[in-house]
Amino acid sequence: MRNLSFDTETELIAPGRYAPRLICGSFYDGDFSPWLELRAGTIKTIGDALEDSETRIIGLNLAFDLAVVCQAEPALLPTVFDALDAGRFWDVGLFERLKAIALNHFRLDPQIGRRPSFSLAELSSKYLGKDRSVEKNDPNSWRLRYAELDGIPLEKWPQAAKSYALDDAKDPFEIYEKQAREGTPPLFKETHSHAFALHLMAAWGIRTDPAAVAALKKRLQERVDAATPQLIASGILRENGSENTNETKKRVLAALGSAAPLTKSGEKLASERDLTEDERIKYTKTSADVLEECGRDPALSLRLDIAKDRDELSNFVPRLELGTVHPINARFSVLVSTGRTACSKPNLQNNPRRSGVRECFVPRPGFVFVFCDYHVAELCSLAQTLIDLFGGSKMADEINAGRDLHVAFAAGLAGVSYEDALTRYKAGDKTIKELRQVAKAANFGYPGGLSAARFVDYAASMGVEISEAKSKEIRSAWLDSFPEMRRYFDWIASQTRTGSFEHIHPRTGFIRGGVSYCDGCNQGFQHLTAIGAKDALFSVARECYSDPSSPLFGSRPVVFVHDEIIIEAPETRLTAAAARLESIMVDQMRRYTPDVDCKATAAAARRWYKDAQPVVLDGELLPWTCPTPVLKPAFSR
DNA sequence: ACGCGATGCGCC
DNA sequence: AAAGGGCGCATCGCGT
């Protein structure tokens, strides 16, 4: 195997330009010296390397560089996907990420004394003892100035510009040589594919509708403005609009007295000693559920009323406004401790479910959004994990029988058959509907290690009021309906006797270090879904970008939310694209959950509607329309 | 002016 | 014995 390390220098990343213009490439293959190529040479060299099945390509954040060369020469896209599929990349940052998770250094790396950034400077320091932070902080460094050299022959480049670029190829090569001695971690190959797919998605970006954003802003602002004078008068808000939390806490204390809940650190302190009067105020909780109990204080009620409006106005509206000018290029982080992704700047994975913010996101003209998510994805992940651990699972049996898991457990609680419960649920039976909500809370809460006591609050957050005694009964009934869960909890508990442990997933072999009881329980719940969904995203991206024979060719993934993929599909091939999206998602997930019959359903809409449902007429999938429209479609035929 | 811990909340 | 978790981000209040 030949090893070739490569890096690109580009124009700067700017809003709406996440795969910027290629200026040059730097290469190193371990022989003699690293070398530079301008645009055409870089495309040629990397193109040859991609096609040579005996070459391994090395780098740091390769997804970025690969996207840059594909932007410069789109014909390279199929070969990049092929090479990813063949596992011919070694990204030293991805290796380090997997290693950090396995060693429990993901949040705090003792060697560097902080959370690792996985940057080249950090890895060069760790592996090679080099200090590249000087270059990074030097305002005259060429690091961010390569655009100035576009089109200039290499002979005329300043030496400093050349050396910086050359180091960017040489360092990863030398880091690779050290990492390679440690072997390849589980899911290493897949993580490269996931990173590229996520990067393409981020680079394509997602737009927002200026009119919708303006309307939302106005609506939220009016609601906040209407409440502000009264809140200022009460002292909860200051003249400048900021909140005086001390006043809020005092009022909560006045309303609830000694029953006023404490914050987490307050609880801890109170268990050690009595709190002073000031501390009792300082550690009083002011979360939404507490304020709800303070109904007789009108100022607190008012603050609660506008809490979401205030939050959306300050947190979400500015993000939305970015997308009205350029597509939003969010940053997707390919891998966190559970195997899931994360997203930032902005985080597209935490848009409020209530209507308002989501509907501001719109497809490009000529495209329609297609949403496809898995049914009870995490329970499928858990069920497969249970089968892998114990050889069988009642939970898997229920899923494979095609049953609605929430109705199934609700039937158990009601003491009726599944069929009866389902019939009554579909007929709108109030009792079964409520019990299904309890069951849903149980199915999503207990697998993470939730106690009967905390379940009371958890259920309340899902709109179900139950007593602690009832909660104990429910937990016991839940464990009886999925008896393998007792073994599952025992399996985790047995490994936490002496503190935290190294969790190895029985199916993927993925290693996560420093795991204690609850996160250990949770790992089986989240891990397979995360990996399976990312594999699906890769396959979807591959067909969208590089397979003219696919119904997805020409569509583009725009958002990935753990168990959901959203794409923009050309209006003219909506039905076929949606069907293909569904089938890829199921097929790829089943590679990880072969014994559990997971399902996925696609729907289409002209905005990002949480509630979008599939609408089929004469075999054609149509965009779902909101029954109570607040906004017009941004684009229509 | 800035850093930072605590808190709270958005999502799955 | 008991124990949901994983994230990103804004704000507040305090400290340097």
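Throughout, protein chains are lettered first and strands after them, A, B, ... in sequence-line order, and every chain is numbered starting at 1.
Separation of the A:Tyr446 and A:Phe482 ring centroids does not fall under the 6.0 Å cut-off.
With C:dG5, C:dT11, C:dG6 as the candidates, the nucleotide lying closest to the side chain of A:Arg107 is C:dG6. Comparing C:dA10, B:dC11, C:dC12 by their nearest atom to the side chain of A:Arg353 picks out B:dC11. Listed nucleotides: C:dG6, C:dC12, C:dG4. Nearest to the side chain of A:Arg310: C:dC12. In this structure, of C:dG8, C:dG5, B:dC12, it is C:dG5 that holds the atom nearest to the side chain of A:Arg512. Comparing C:dA3, B:dT7, B:dC12 by their nearest atom to the side chain of A:Cys518 picks out C:dA3. Relative to the side chain of A:Thr338, the nucleotides B:dG10, C:dG6, C:dG13 differ in distance, and C:dG6 lies closest. Counting only heavy atoms from C-beta on, A:Ser314 has its side chain closest to C:dT11 among C:dC7, B:dG10, C:dT11.
A donor N or O paired with an acceptor N or O is found under 3.5 Å between the base of C:dG4 and the side-chain atoms of A:Asn522. A:Gln526 contributes a side-chain N or O that forms a donor-acceptor pair with the base of C:dG5 under 3.5 Å. Judged by distance alone with a 3.5 Å cut-off, no donor-acceptor contact links the side chain of A:Asp519 to the base of C:dG5. Contact of A:Tyr446 with C:dG4 (side chain to base): no donor-acceptor pair of N or O atoms is detected under 3.5 Å.
Here A:Tyr283 lies in heavy-atom contact (under 4.0 Å) with sugar-phosphate atoms only. A:Lys249 comes within contact range of no nucleotide atom at all, as no heavy-atom separation falls under 4.0 Å. Using a 4.0 Å heavy-atom cutoff across all strands shown, A:Phe455 reaches no nucleic acid atom at all. Within 4.0 Å of A:Ala377, counting heavy atoms only, lies no atom of the nucleic acid at all. Among the protein residues, A:Ser242 comes within range of the sugar-phosphate backbone only, with heavy atoms under 4.0 Å from sugar or phosphate atoms but none that close to a base. Among the heavy atoms of the strands lying under 4.0 Å from A:Glu243 are primed sugar atoms or P, OP1, OP2 only; no base atom is included.
Here the shortest heavy-atom pairing between A:Ala410 and A:Ala439 reads N-CB, 3.7 Å. Considering every non-hydrogen atom in both A:Asn61 and A:Asp91, the closest pair reads N-OD2, 2.9 Å.
Residue A:Thr284 forms a side-chain contact (heavy atoms from CB on, under 4.5 Å) with just one option from A:Val290, A:Leu256, A:Val252, and that option is A:Val252.
Atom CZ of A:Phe489 and atom P of C:dA1 are 16 Å apart (whole Å). C:dA3 atom P lies 13 Å from atom CD of A:Glu267, rounded to whole Å. Going from atom CZ of A:Arg319 over to atom C1' of B:dC11 covers 10 Å, rounded to whole Å. If you measure from atom CZ of A:Phe510 to atom P of C:dG6, you get 12 Å, rounded to the nearest angstrom. Note: OH (A:Tyr458) to P (C:dA2) measures 21 Å, nearest angstrom. Going from atom CD of A:Glu279 over to atom P of B:dA6 covers 14 Å, rounded to whole Å.
Expressed to the nearest 0.5 Å, how far CZ of A:Arg207 lies from CG of A:Leu322 amounts to 14.5 Å.
Remark: A:Lys217 does not engage A:Glu222 in a salt bridge, criterion side-chain N to carboxylate O under 4.0 Å.
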